[in-house]
J.: 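Got a structure here, written out as structure tokens. Questions coming.
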Amino acid sequence: MFQQNNMQLAIRIPTSPAQDSSQYMQVDQSDKSLVMSGDMQNGGFTHAEYIFNFSKKLEEDLQTFGMKIKQHEDNIKFLKTQKNKLDESILDLQGKYHSSGTPVAENEVHSHPQSEEETMEQIMRQEMSAAGIICRLNTHHGIQAYNITLTKDVLGIVARLGKLDDDNLGRLLSEYLGMETMLAIVCRTYDGVKMLETYDKEGCINKSSGLHGLGASIGRNLDGRFLVICLEHLRPYAGDFIPNDPQRRLDLLKPRLPNGECPPGFVGFAVNMINIDSTHLFCFAANGYGLRETLFYSLFSRLQVYKTRGDMLQALPCISDGALSLDGGIIKANGLFCLGNQEDVQLRFPKASMKSSLPESYIESERQMKELKWKKEKMIEDIKREQALLNNSKLNFDRKKAEFLKFLAESSSYAAQQQLSVKLP
């Protein structure tokens, strides 16, 4: 049997956070007064007071590091928001002033840019088409053609209602739409559509009226189908426009990868890269909308433009309404890829002349883009610096947490030994 009167316990007492050595007190279980020696003064404080104060100090340190972590996380979130805004401003400028200094298809036919006159000539070469008849009428009768009852509601041909600064992009968009759509006649109202073709009682086309009769009168018999687009029946874009943009480009949400970043190589939306004459920008349709938010939004929707095929394919999760790349890649819609060589498109959107309706020069746009890119680079450096500070704060927090848990474990062990010493007779 063991002797109760002679039994002693060795109890470890933490003395200070910087001291790793352990002190032991010999507690004689036969002397109850010695139990109180566990609460002896240690540097002016009882041991219990020391445990409480040091535990509180560790908690405060943990709270301080936690607040630093939250501060750095908030800073990074804010900086990333500002960076995304810079990205959108850069993309908007790229959409406004898209230059020809971009990748082109390897097999691209290096023809000279197509002018408005050449686009008109290409349409009139389609002699048996409805678009060819309309253009020939305009050529021979000029502005008087719009006073003819048959064509007074006709706005024009798709291929002539938009221009592009980049001839390569003009070819790609023309190929994307196809010849039939490029030759489509655009009318303001459905009444104008009904004027173009009439029918007899049996429902057969009346060849002596409408475009058929007009074609026959000039020796251009109209045969086969042709497209007519009615602006008042299109569902227009219902969102906002880019602020202070005379071209009234659509304020579309930029595509985002799962990490929140804009896909690399994204240039802009095709609908915003079309230059439209000022006369067609405002309230041209009967319902008060302009051409961009009706005709071209209907044709292109949110068609995305990328620099290369690789960029486009990498961004597949972000593509909802098709995409094309400046080196010749085309995705018509989800799951519908256009493969093979790029076509030699004869009829395409004309290149915008130097007398463009753009309010600023290309030199000014380049200056703005350089400034925005410089700000973006500085923002990226700020994000990296905040991330380093965040990582350091997290490391310090983890170390302090480990120290706190160790201290609690040692304090609990000491407390358990004290309780045991009190219970022993």
J.: Listed by chain and number, what are the side-chain hydrogen bond (donor to acceptor under 3.5 Å, both in side chains) partners of Lys77, not counting sequence neighbours?
T.: none
J.: Donor-acceptor check, side chain of Thr294 to backbone of Gly290, threshold 3.5 angstrom: yes or no?
T.: yes
J.: Could you tell me whether the side chain of Arg249 and the main chain of Asn272 form a donor-acceptor pair under 3.5 Å?
T.: yes
J.: By side-chain hydrogen bond (donor to acceptor under 3.5 Å, both in side chains), which residues pair with Lys83, not counting sequence neighbours?
T.: Asp87, Glu261
J.: Scan for ring pair (Phe, Tyr, Trp, His ring centres under 6.0 Å) pairs involving residues 320-351, sequence neighbours excluded, and state none if there are none.
T.: none
J.: Is it the case that atom NZ in Lys207 sees more than 12 heavy atoms from other parts of the structure closer than 6.0 Å?
T.: yes
J.: Okay, side chain of Lys351, backbone of Asp165: is any donor-acceptor separation there less than 3.5 Å?
T.: yes
J.: Is it true that atom CG of Leu253 has more than 12 heavy atoms of other residues, nucleotides or ligands lying nearer than 6.0 Å?
T.: no
J.: Using only heavy-atom distances, determine whether the side chains of Ser325 and Asp327 contain a donor-acceptor pair under 3.5 Å.
T.: yes
J.: Output all residues satisfying salt bridge (charged side-chain N to carboxylate O under 4.0 Å, His left out) with Arg399, sequence neighbours left out; order by chain, then residue number.
T.: none
J.: For atom NZ of Lys254, decide whether the heavy atoms of other residues, nucleotides or ligands shown that lie under 6.0 angstrom number more than 12.
T.: yes
J.: Is there side-chain contact between Leu173 and Leu324, with heavy atoms separated by less than 4.5 Å?
T.: yes
J.: On the 0 to 90° scale, with breaks at 30° and 60°, tag the Phe300-Phe296 ring pair as parallel, tilted or perpendicular.
T.: parallel
J.: His72 and side-chain hydrogen bond (donor to acceptor under 3.5 Å, both in side chains): which single residue from Lys394, Gln387, Glu386 fits?
T.: Glu386
J.: Please confirm whether the backbone N or O of Asp311 pairs with a side-chain atom of Gln314, one donor and one acceptor, at under 3.5 Å?
T.: no
J.: So, the side chain of Gln247 versus the backbone of Ile276: is there a donor-acceptor pair under 3.5 Å, distance only?
T.: yes
J.: Is the closest basic N to carboxylate O distance between Glu180 and Arg225 below 4.0 Å?
T.: no
J.: Are the side chain of Arg292 and the backbone N or O of Ile274 linked by a donor-acceptor pair below 3.5 Å?
T.: yes
J.: According to the ring pair (Phe, Tyr, Trp, His ring centres under 6.0 Å) rule, which pairs have a member within residues 158-197, sequence neighbours left out?
T.: Tyr190-His233
J.: So, using side-chain hydrogen bond (donor to acceptor under 3.5 Å, both in side chains) as the criterion, who are the partners of Asp398 when residues are at least two apart?
T.: none
